[in-house]
Each structure stands twice: as C-alpha cells, then as structure tokens.
Amino acid sequence: MITVHHLENSRSQRVLWLLEELGLPYEVKRYARNPRTMLAPPELRAIHPLGKSPVIVDEDGQHTIAETGAIIAYLVDKAGGGMGEPAEEASMLRYRFYLHYAEGSLMPPLLVKLVLGRVPLLGRIAQRRIQPMIDVHLDFVESELASRPWFAGENFTAADIIMSFPLEAARDRGGLNASRPFTTRWLETIHQRPTYQAALARGGPYRFV
Ligand SMILES: N[C@@H](CCC(=O)N[C@@H](CS)C(=O)NCC(=O)O)C(=O)O
C-alpha cells in the first residue's frame, strides 16, 4: 500500500489527486503546519531528511520518494503509464517540459514573493520587483493554454496535475485573475473533476481551491 505523507494546504495535494486519477489504493498520513512559522512539523524529518511534503512510502517501506516530479514519474510507471508521457512527440516533449517547469521555474518566484511578504517594511517594496518576473510566466502559461486545452496537448495528463499548485498559488498571491481567461478557465475545469474533489476529501485543509 502506498502511504502519502501529506502536509495540509500544500503541494502534496497534487499527489492525492494523481492517485485518484490513476485509481491506485493509498493511505494518507496528515500533518499540520506550525501555525506561527507555517513550516512542516519535525515528524516529517523521520520520514525523509528534507522534512518536506510530499513524500510517499511504498512496497512495505522499500521505497521512500520525495519531490513531486519524481513521485509523479514513479506513480505513473506503477500504473502502467496512464496519465504519463503521450505517444505523439510534440506532446511528449511538452509533458516532460512541464514536469520540470512547474517546480523548477514557475514555483521559485512565487515562493520568493510569499517569503518577502512576511518581511516587515522593505519586504513589500521588494515584492514589487518580483511581480514582473511572475508575469512573464503567467503570460507564457496563458499563451500555452490559448493554443491547446491541456498542458501537454489534446489530453489531460499528469502535466496538468503538476501545474495545478503553482497556478493555484499564483491566483492566491501572484496576480493571476480573470484578465488571463484561458488559465482561469483551466483552473475552473480541473476543480470540477470528481477526482480532484475526492482528493480534497482525503487531504483535509487546502485553501487554494
Ligand atoms: N520541490 C519540492 C518542494 C517541497 C516543498 O517545499 N514542500 C512544502 C509544501 S508546499 C513543504 O513541505 N513546506 C514545509 C516546510 O518547508 O517546512 C516538491 O515539489 O516536492
């Protein structure tokens, strides 16, 4: 049985959603954030030295896997490739791109903006320097979703799942709003999927919907 070590209100929500999409059985161990620092509790360090979420444990403890992209690759393989790389080459290349882009390029400026927002006085001013960097990404994403229904191409894949959290976070604090209609509609569409809703029920608090 797969165990997901799931931090409330976090990126980890995507792993639950993918598991629902793949129909793989799993159990969830929930962790609450420290209400003052918003950090994960120390218990997560006992699961993986980085102490972050998501982390999954599978095959009776043989595999402990951290990092969303690596977890997605593992689960897609385990499910026989469903939701994974499309056969058509251009879609396959886009799929791989988004699997890296979501955490490697899109999340960092959003995280910087969040952290600066907690720095008194100068933090707010510095935040304004970050917004144009975020806007470059949001314009790119909008143009991509204006060209095709899903991130990889014509079909919904795990590329859409990994892109969900940065775009939900962008709507929360990165200036994403109805002025980017294709991205907004994509968010509305994914939130209506029954598997997305089922994952919310399993994961508990998630303030980004
Ligand atoms: N790139 C990593 C990021 C992991 C990460 O930073 N997770 C956050 C959840 S949003 C976390 O555990 N934060 C709590 C902490 O840093 O203590 C991934 O996608 O798995």
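All ligand and atom numbering here is 1-based and tracks the order in the structure. Numbers here simply count residues along the sequence, with the first being 1.
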Closer than 4.0 angstrom: is that true for some heavy atom of Arg33 and an atom of ligand 1? yes
What one should report as the nearest heavy-atom pair of Ile190 and Glu168 is CD1-OE2, 4.4 Å
Closest protein heavy atom (residue, atom, distance) for atom 4 (C) of ligand 1: Ser53 O, 3.6 Å
To check your reading of the model: name the closest protein heavy atom to atom 2 (C) of ligand 1, its residue, and the distance in Å. Glu67 OE2, 3.1 Å
Does an N or O from Ser10, backbone or side chain, lie closer than 3.5 Å to an N or O of ligand 1? no
I want to know if ligand 1 touches Ala40 in the polar sense, i.e. an N/O pair below 3.5 angstrom. yes
Is it the side chain, the backbone, both or neither of Glu103 that has a heavy atom closer than 4.0 Å to ligand 1? side chain
Please report the shortest heavy-atom distance between Ala102 and Ile162, naming the atom on each side. CB-O, 3.6 Å
Closest to atom 3 (C) of ligand 1 (heavy atoms only, candidates Arg45, Arg11, Gln13) is Arg11
Numbered atoms and elements of ligand 1 in range of Leu7, under 4.0 angstrom, heavy atoms: 11 (C), 12 (O), 13 (N), 14 (C)
Ser91 side-chain N/O to Ala87 backbone N/O, donor-acceptor pair under 3.5 Å: no
Considering non-hydrogen atoms only, spot the tightest contact between Leu145 and Thr183 and give its length. CD1-CA, 3.8 Å
Looking only at heavy atoms, which two atoms of Gly153 and Arg148 are closest? And how far apart? CA-CD, 3.6 Å
Could you check Arg193 against Glu21 for side chain to side chain contact (heavy atoms under 4.5 Å, CB included), going step by step and ending with a plain yes or no? CA-CA 10 Å; Arg193 286 179 87 87; Glu21 289 280 352; 2.8 Å; yes
Smallest heavy-atom separation, Met133 atom then His137 atom, equals O-CD2, 3.3 Å
Inter-residue atom distance Leu106.CG - Leu111.CG, 0.5 Å rounding: 11.5 Å
Closest non-hydrogen protein atom to atom 19 (O) of ligand 1, residue and atom name please, with distance? Thr68 OG1, 2.6 Å
Provide, to 0.1 Å, the distance between atom 16 (O) of ligand 1 and the closest protein heavy atom, together with that atom's residue and name. Lys52 NZ, 2.5 Å
Enumerate the atoms of ligand 1 whose separation from the nearest heavy atom of Pro54 is less than 4.0 angstrom. 20 (O)
